[in-house]
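Written out below as structure tokens is the structure these notes cover.
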2 protein chains.
Amino acid sequence: MYTTIPETKARNLKEIEKPAVSVTVLIFSINKGKLEIVLVKRVRTPFMDFLSIPGDIISIDQDLEDAARKVLSDKTGIHDVYLEQLYTFGDPRRDPRGRVLTVAYFALLPHNSVDLSKAPDALHASFVSVDGLPKLAFDHNQIVDYGVERVKGKIEYSNIAHGLLPEKFRLSELQKIYEIILGKNLDKRNFRKKIAALNLVEPTKEVYREGNHRPATLYKFKSKDLVIYD
Amino acid sequence: MYTTIPETKARNLKEIEKPAVSVTVLIFSINKGKLEIVLVKRVRTPFMDFLSIPGDIISIDQDLEDAARKVLSDKTGIHDVYLEQLYTFGDPRRDPRGRVLTVAYFALLPHNSVDLSKAPDALHASFVSVDGLPKLAFDHNQIVDYGVERVKGKIEYSNIAHGLLPEKFRLSELQKIYEIILGKNLDKRNFRKKIAALNLVEPTKEVYREGNHRPATLYKFKSKDLVIYD
DNA sequence: TGAATAGTGTCTTTCAGACAATATGCC
DNA sequence: GGCATATTGTCTGAAAGACACTATTCA
């Protein structure tokens, strides 16, 4: 008996009972000094009235990432943002209706680029701070926690913060992003030294004026693609 | 129309056509100075006679990690080793027979603990060096590459090397593991300094004697669990 | 000129990397 | 004594962290 890759059972792929597969998309943004995610209030059982992470069942011929991008654009109207696969959650009892695996993704977006009220399918959707979340539907608290940890770990050695900022930004805004995600205050001089050493951003010729004080130089990222550094 | 988590389509979960889901397990070990993985020669179409990564279709009520552990123990006879989810590969065309998602896992084991010839289902299975692999079945080259990168990245800031070593080992063996995975030679003094600073291993009272030279102190890991350090 | 944020440099400590001599056990 | 691997410390350069003052704009 040879049980190699889809072998024994693969002969009757169409006969065996299969799990359903969904994608779940953590849509992160920063607003009012907090890391937030898009959550949707459920209007059906199970977990009626609980908040849940947006997602959808994938269809038989749909690519996973395409499915995740569709969820993202349906909920936010946004297309071109960084999207990364997070983890696949497969506990057989995670959905009381039956077996549903979910492949979780996360996206990062600048808060001012999103207007949920204008998105194609954002009814009952809103940004919620990840601090002190209530009990969510299904195993969604676990998924959020996992996603927050990934973002936290990754911001220290990549340029993913760029997803959370507009095209042009002040260094103080960038620092604030790091502080919120890492959950601690950073020294302004050391932060700027480090950012300069990483060579990820460059100044534009524009400045940002607000209030009765010195204007700030606006910077932009040199690369829009993900950069991982050691 | 509310498309929240498995909502619209979830109403008829049993009617929609679902992808099959498999697990794929990269079983790494180090032998003769090379990083190797267990591969299985396929005896059926598609990809007849190609090498492939061991795996299996999961059944409707089977937990993902349980399925991966079953593949691992069927192929190697080994149960208690570190197993980590790697990534989920979902290209709709990755299997010519139909839609099959695969959730890839990887395991690390000490080579001397495995005797494939005695495993429950190791027919056509063997350890193969990850260097210069031929074209494998399906998208398995991509999966191996992804796994190798993960192991490489992780060895620098965790104790996963411990999975590749026997209970007790020489520091020179540990160093060799690092050199093989990182693909470069390390300075013995600096390596030992770093390992000492990490405080992950401790000397036993045993020594290893071989050949006409000074015996080496045997060490063991303080924790069998995964430890991640910054 | 007062208020508020922008912007900058030095010192110290820590960590990584280059580098070589001595120790021990077996034959 | 010869051989083979084990074991150990110093110096240097780079990066991280502590720390405070000046610059600029606007009201």
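Lettering of chains follows the sequences in order, A, B, ..., and the numbering in each one begins at 1.
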Atom CZ of R170(A) and atom P of dA4(C): how far apart are they, to the nearest Å?
-> 16 Å
What is the distance from CD of Q175(A) to P of dT5(C), rounded to the nearest Å?
-> 13 Å
Rounded to whole Å, CZ of F169(A) lies from C1' of dT5(C) at a distance of 18 Å
By nearest nucleotide on DNA chain C, pick out whichever of H213(B) and A216(A) is the more 5' one.
-> A216(A)
Atom CG of N112(A): over 12 foreign heavy atoms under 6.0 Å = yes
For K222(A), all residues meeting salt bridge (Lys or Arg N to Asp or Glu O under 4.0 Å), sequence neighbours excluded = none
What do you reckon, is NZ of K220(A) surrounded by more than 12 foreign heavy atoms closer than 6.0 Å?
-> no
Among V81(A), I27(A), V151(A), which residue meets the side chain to side chain contact (heavy atoms under 4.5 Å, CB included) test with L108(A)?
-> V151(A)
Evaluate whether atom NZ of K135(B) has more than 12 neighbouring non-hydrogen atoms of other residues, nucleotides or ligands under 6.0 angstrom away.
-> yes
CD of E84(B) to OH of Y105(B), rounded to nearest 0.5 Å, is 10.0 Å
Quick one: is dT7(D) close enough that its OP1 or OP2 comes under 4.0 Å of any side-chain N or O from T217(B)?
-> yes
For atom CG of N212(B) and atom P of dA6(D), their distance in whole Å = 12 Å
Report the distance from atom OH of Y208(A) to atom P of dT25(D), rounded to the nearest whole Å.
-> 16 Å
Whole-Å distance between dA6(C) P and Y219(A) OH?
-> 11 Å
Once you round it to whole Å, what is the distance between C1' of dT8(C) and CZ of F191(A)?
-> 15 Å
Within the structure shown, what part of the strands sits under 4.0 Å from R209(B) by heavy-atom distance: base, sugar-phosphate, or nothing?
-> sugar-phosphate
Whole angstrom is fine here: how far is it from CG in L186(A) over to P in dA6(C)?
-> 15 Å
Does a side-chain N-to-carboxylate-O contact under 4.0 Å join R170(A) and E173(A)?
-> yes
Indicate for each nucleotide in nucleotides 11-22 of chain C, in 5' to 3' sequence, whether protein heavy atoms under 4.0 Å reach the base (B), only the sugar-phosphate (S), or nothing (-).
-> ------BBBB--
So does S172(A) get a side-chain nitrogen or oxygen closer than 4.0 Å to the phosphate oxygens (OP1/OP2) of dA6(C)?
-> yes
